[in-house]
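Owing to the predicted nature of the structure, the values given are computational and were not obtained by experimental measurement.
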Amino acid sequence: QVQLEESGGGLVQAGGSLTLSCTASGRTSSNYAMGWFRQAPGKAREFVAAVNWSGASRFIGDSVRGRFTISRDNAKNTMYLQMNSLKFEDTAVYYCAAGENGNIYDSTYDYWGQGTQVTVSS
């Protein structure tokens with residue numbers, strides 16, 4: 001089992017920045033792909049970003065491309081999401097996920113965190 005814990009969420013003004021962290025514990029493995037998804041009230045869960053096990057391959061969702069950056073530090077079992085130029089529509093609960101074959105689809109992930117709220121004020 002892998003446990004994931006997100007941190008770094010909060011309230012920020014539009015145009016501001018936040019960095020989310022996701023720390024893995026338990027049966028951790030640097031061979032897992034990891035990803036970020038988000039869900040706003042009344043909307044379906046949306047892919048945000050993903051990174052492969054080594055960090056060499058990264059995928060960014062269309063709605064955040066150019067503003068968000070994903071990275072990971074396997075020595076710290078931690079993944080990051082740097083969010084810049086935040087918009088009101090970025091408001092959502094952000095979830096991190098891990099899976100051996102994780103990609104842009106949430107069904108490819110085996111483990112999920114509890115989520116962290118990001119609220120962007122307009």
Side-chain angles (χ1 to χ4, degrees):
Q1 286 289 334
V2 176
Q3 291 78 47
L4 302 173
E5 183 173 6
E6 304 94 340
S7 61
L11 174 65
V12 62
Q13 288 188 331
S17 298
L18 277 177
T19 300
L20 304 183
S21 300
C22 173
T23 301
S25 60
R27 185 187 173 188
T28 58
S29 170
S30 61
N31 289 331
Y32 284 115
M34 298 186 75
W36 289 99
F37 292 79
R38 67 185 184 185
Q39 189 165 22
K43 295 187 177 181
R45 187 157 54 189
E46 176 189 15
F47 168 74
V48 176
V51 59
N52 77 331
W53 67 273
S54 70
S57 295
R58 308 178 190 189
F59 306 92
I60 303 294
D62 291 341
S63 61
V64 303
R65 187 171 295 121
R67 301 186 296 121
F68 290 13
T69 303
I70 188 170
S71 61
R72 67 187 294 167
D73 184 341
N74 287 338
K76 296 181 179 180
N77 292 319
T78 301
M79 171 181 66
Y80 305 95
L81 184 68
Q82 174 67 45
M83 306 185 292
N84 298 325
S85 302
L86 283 161
K87 304 176 181 180
F88 175 76
E89 50 265 41
D90 294 320
T91 296
V93 178
Y94 284 70
Y95 298 91
C96 72
E100 291 188 15
N101 300 303
N103 53 40
I104 67 173
Y105 300 105
D106 57 4
S107 60
T108 60
Y109 292 88
D110 303 305
Y111 305 102
W112 292 84
Q114 293 298 308
T116 185
Q117 176 71 46
V118 172
T119 302
V120 184
S121 62
S122 58

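Take Phe68 and apply the ring-ring contact (aromatic ring centres under 6.0 Å, His included) test, not counting sequence neighbours, and it matches no residue. With sequence neighbours left out, Asn101 forms a side-chain hydrogen bond (donor to acceptor under 3.5 Å, both in side chains) with no residue at all. Glu89 meets the side chain to side chain contact (heavy atoms under 4.5 Å, CB included) test with Lys87; sequence neighbours excluded. Take Asp106 and apply the salt bridge (charged side-chain N to carboxylate O under 4.0 Å, His left out) test, not counting sequence neighbours, and it matches Arg45. Judged as a side chain to side chain contact (heavy atoms under 4.5 Å, CB included), and not counting sequence neighbours, the contacts of Ala75 are Asp73. When the side chain to side chain contact (heavy atoms under 4.5 Å, CB included) test is applied to Asn103, the partners found at least two apart in sequence or on another chain are Tyr105, Thr108.
Screening residues 36-70 for disulfide (SG to SG under 2.5 Å) gives no qualifying pairs among residues at least two apart or on separate chains. Listed by first and then second residue, the side chain to side chain donor-acceptor pair (under 3.5 Å) pairs involving residues 111-122 are Gln117-Thr119 (not counting sequence neighbours). Sorted by first and then second residue, the salt bridge (Lys or Arg N to Asp or Glu O under 4.0 Å) pairs with a member in residues 33-44 read Arg38-Glu46, Arg38-Asp90; sequence neighbours excluded. For residues 32-67, no residue pair satisfies the disulfide (SG to SG under 2.5 Å) rule, not counting sequence neighbours. A disulfide (SG to SG under 2.5 Å) check over residues 47-82, counting only residues at least two apart or in different chains, returns nothing.
Residues Tyr94 and Met83 share a closest heavy-atom pair of CE2-SD, 3.9 Å. Nearest heavy atoms, Gly102 versus Ala33: O-CB, 3.5 Å. When every heavy atom of Leu81 is checked against every heavy atom of Trp36, the shortest pair comes out as CB-NE1, 3.5 Å.
The backbone N or O of Asn77 sits nowhere less than 3.5 Å from a side-chain atom of Asn74 that would complete a donor-acceptor pair.
For the pair Met79 and Ile70, the minimum side-chain heavy-atom distance is below 4.5 Å.
In the hydrophobic clustering of ILVMFWY residues, with side-chain heavy atoms under 4.5 Å counting as a link, Met34 and Val2 come out together. In the hydrophobic cluster analysis, where Ile, Leu, Val, Met, Phe, Trp and Tyr join through side-chain heavy atoms closer than 4.5 angstrom, Ile60 is grouped apart from Tyr80.
Here the straight-line distance linking atom CH2 of Trp53 with atom CD of Glu100 works out to 13.0 Å at 0.5 Å rounding. How far CD of Glu6 is from SG of Cys96: 4.0 Å, rounded to the nearest 0.5 Å.
Aromatic ring centroids of Tyr109 and Phe37 lie under 6.0 Å apart.
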Let me check something: any side-chain donor-acceptor pairs from residues 10-23 under 3.5 Å, sequence neighbours excluded? List them with distances.
from: Ser17; atom 1: OG; to: Asn84; atom 2: OD1; distance (Å): 2.9
from: Thr19; atom 1: OG1; to: Gln82; atom 2: OE1; distance (Å): 2.5
from: Thr23; atom 1: OG1; to: Thr78; atom 2: OG1; distance (Å): 3.3

